[in-house]
Amino acid sequence: MSTTPIVPMSSPDLTELERQAVMAVLNTPHLSMGSRIEAFEQAMCDFSGRRHAIGVNSGTAGLHLCVRAAGIGPGDLVITTPFSFVASTNVLLFEQATPVFVDVDPKTGNISPALAAEAAADLSNGLPELRQKWLPRRGAALTGGRLKAILSVDVFGQPADYDPLRRTAGQYGLKLIEDACEALGAEYKGAKAGRLGDAGVYAFYPNKQITTGEGGMIVTDDAEAAAMMRALRNQGRAPGDTWLQHTFLGYNYRLDEMSAALGVAQMSRLEELLQKRERVAAWYLERLAEIAWVEPPQVAETTTRVSWFVYVIRLKPGIDRAAVALRLADLGIPVRPYFLPIHLQPYMMERFGYLPGDFPVTEDLGERGLALPFSGKMSEEQVEVVCSALAIAGG
Ligand SMILES: Cc1ncc(COP(=O)(O)O)c(C=O)c1O
C-alpha cells in the first residue's frame, strides 16, 4: 500500500511576481492575443538568439506546427527516436507521416547520430532492400515514401549531438526539428538548445524549468516557416485575413494572455530557476555515489550545460525496478519509470508491428530508468530523505 508522498514528484517555482503578473492580465479585457504573448515571444527571441518565436498552448502543438511548416505529409518518412515522450512521434502520426526510429546513445538516451546518418543514406537511396532495414514491419510503403526530416529530442534536458545530425540533414536535404521541450536553458558546445536545428520547441508544463501551466514556444530563424506557423496557430488566418477568413486549414493553438504573462515573469527568473535545479542535481549526485546499485545521469562531452528537467537514475542490471518503486511508494517517495519506449506503446505496436527487442538500447534504458522527485524547490534535507529511502528500498 502506498502512503501519502512526503516529497512531491515535482513542484512549480512561483513567486508573488508571477501571481501579480497573472492578476494584472485579469484586470484588463485582453485575455488572448494581447501584449503578454508579444512580450513572451520577444523574451524567447532574446534568450534563444533566434529571429522568430511563436507562442503556442503546448509543446505538442509547437512540434505539430513545425511538422506542418516543414511540409511533412502522408507517407513521408521522418527519422526520430523511440526514447522520448510520445508527443515527439505523435505529431508525425497526426499528418500520416511514418516515424523511422533509430536507436539511441546509451550514455545520454539521445538519438544516435551515426544510426541517423546510416538510415538517411539507405532511405534516400530508394532501393527497397536498403529501405526495409529501417522501416517498421507494417504501416509504411517500401517504396515511394520520401525522407523529409530528422526530429531529434533533447532528452531529460541534455541536447542531442547536433553537429553530425546537421551534417546528415544538410547532405540529404532534410529539415531538422529540435524537440527542446525538456531542455530550455541547456547548451550544446556553448549554443543554446532550441537553436540547434531549423526550428526548436520548448514546453512549459508545470514540471518544466519554467511553467505557464500549459504552453509551448517555437523558435526559428526561418521567416517563411514562422509566418506559416503563426497562421496555423490562429485557425489558419494569413496576414490580412479577417477574423472569419481562413486561408489555411489551421488550429486553435493560441497561448492565452494569463499563461503568457506567467511565462514572461518566469523567464525573468530563468537563470535563478536553472541554478536552483543545478544545485538539487548536485546534491543528488553526491548522495547517490553512496548507493552502489544506482547509476547517476551521465553527461555527454558535447553538453556544456545540462538544464535539469527530471532526475533520472538507472538501476544497475538485475535490480528489480518495480519492487524498488513499490518500496519507495510505501516510504512516501513517488518515483516514475522513464520512458516506456514509444515503439512499445500499444497503439504503435498495433499500427506498425513493433516488437520488444527492436531497439535494444532504448529498451534497456526504459527498463532501468527511474525518475526521482525533482524540482528547484527541493531542499538538501529532502534529497537526503529520498536517497536514504532509496538505499533502503534496494536492500
Ligand atoms: C520530449 C517532449 N516532447 C514533447 C512534449 C510535449 O509537451 P506538452 O506536454 O507541453 O504538449 C514533452 C512534454 O513533456 C516532452 O517531454
Side-chain angles (χ1 to χ4, degrees), residues 9-12 40 44 53-68 78-95 99 101 104-105 108-111 149-160 162 165 176-186 188 193-194 196-197 199-219 229 232-233 251-256 259-260 262-263 266 277 297 303 306-312 336-343 345 348 362 365-366 369 371 374-375:
M9 188 68 210
S10 70
S11 41
F40 192 25
M44 282 298 181
I54 301 115
V56 286
N57 52 21
S58 72
T60 308
L63 289 169
H64 186 200
L65 294 188
C66 291
V67 167
R68 279 283 310 268
V78 177
I79 295 172
T80 191
T81 168
F83 190 67
S84 171
F85 184 68
V86 287
S88 59
T89 288
N90 288 351
V91 294
L92 303 172
L93 304 187
F94 294 167
E95 297 305 319
F101 290 134
V104 299
D105 168 47
T108 60
N110 283 325
I111 191 166
I150 299 173
L151 196 163
S152 67
V153 180
D154 302 337
V155 171
F156 305 154
Q158 192 171 178
Y162 282 93
L165 287 174
L176 178 56
I177 300 170
E178 181 187 4
D179 178 343
C181 286
E182 302 189 350
L184 178 70
Y188 172 80
L196 303 168
V201 180
Y202 306 121
F204 312 126
Y205 190 73
N207 63 347
K208 294 279 172 20
Q209 292 88 341
I210 71 160
T211 187
T212 58
E214 297 285 355
M217 186 72 64
I218 307 159
V219 289
M229 293 192 279
L232 296 181
R233 160 184 80 171
Y251 315 91
N252 180 354
Y253 281 168
R254 298 183 299 259
L255 184 70
D256 66 68
S259 302
L262 188 51
Q266 289 258 284
R277 296 172 90 92
T303 302
V306 180
S307 173
W308 292 96
F309 159 52
V310 278
Y311 198 87
V312 182
R336 291 220 182 107
Y338 247 76
F339 290 111
L340 174 57
I342 298 177
H343 67 285
Q345 300 287 348
M348 293 298 291
T362 292
L365 299 182
F374 186 75
S375 81

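Ligands are counted one by one from 1 in listed order, and the atoms in each one are counted from 1 as well. Hydrogens, waters and symmetry mates play no part in the numbers below; they use all other heavy atoms, side chains included.
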Interatomic spacing from NE2 in His343 to OG1 in Thr89 - rounded to 0.5 Å: 11.0 Å
Residues forming a salt bridge (charged side-chain N to carboxylate O under 4.0 Å, His left out) with Arg233, sequence neighbours excluded: Glu41
Are there any protein N or O atoms under 3.5 Å from the N or O atoms of ligand 1? List them with distances, or say none.
residue	atom	partner	partner atom	Å
ligand 1	3 (N)	Asp179	OD1	3.3
ligand 1	3 (N)	Asp179	OD2	2.7
ligand 1	10 (O)	Gly59	N	2.8
ligand 1	11 (O)	Gly59	N	3.4
ligand 1	11 (O)	Thr60	N	2.9
ligand 1	11 (O)	Thr60	OG1	2.5
ligand 1	14 (O)	Lys208	NZ	2.8
ligand 1	16 (O)	Glu182	OE2	2.6

For Tyr338, ring-ring contact (aromatic ring centres under 6.0 Å, His included) partners two or more places apart: Phe156
side-chain hydrogen bond (donor to acceptor under 3.5 Å, both in side chains) against Ser375, all qualifying residues, sequence neighbours excluded: Ser11
Phe40 and Phe204 aromatic ring geometry - parallel, tilted or perpendicular at 30°/60° bounds: tilted
Any donor-acceptor N or O pair under 3.5 Å, side chains Tyr162, Asp154: yes
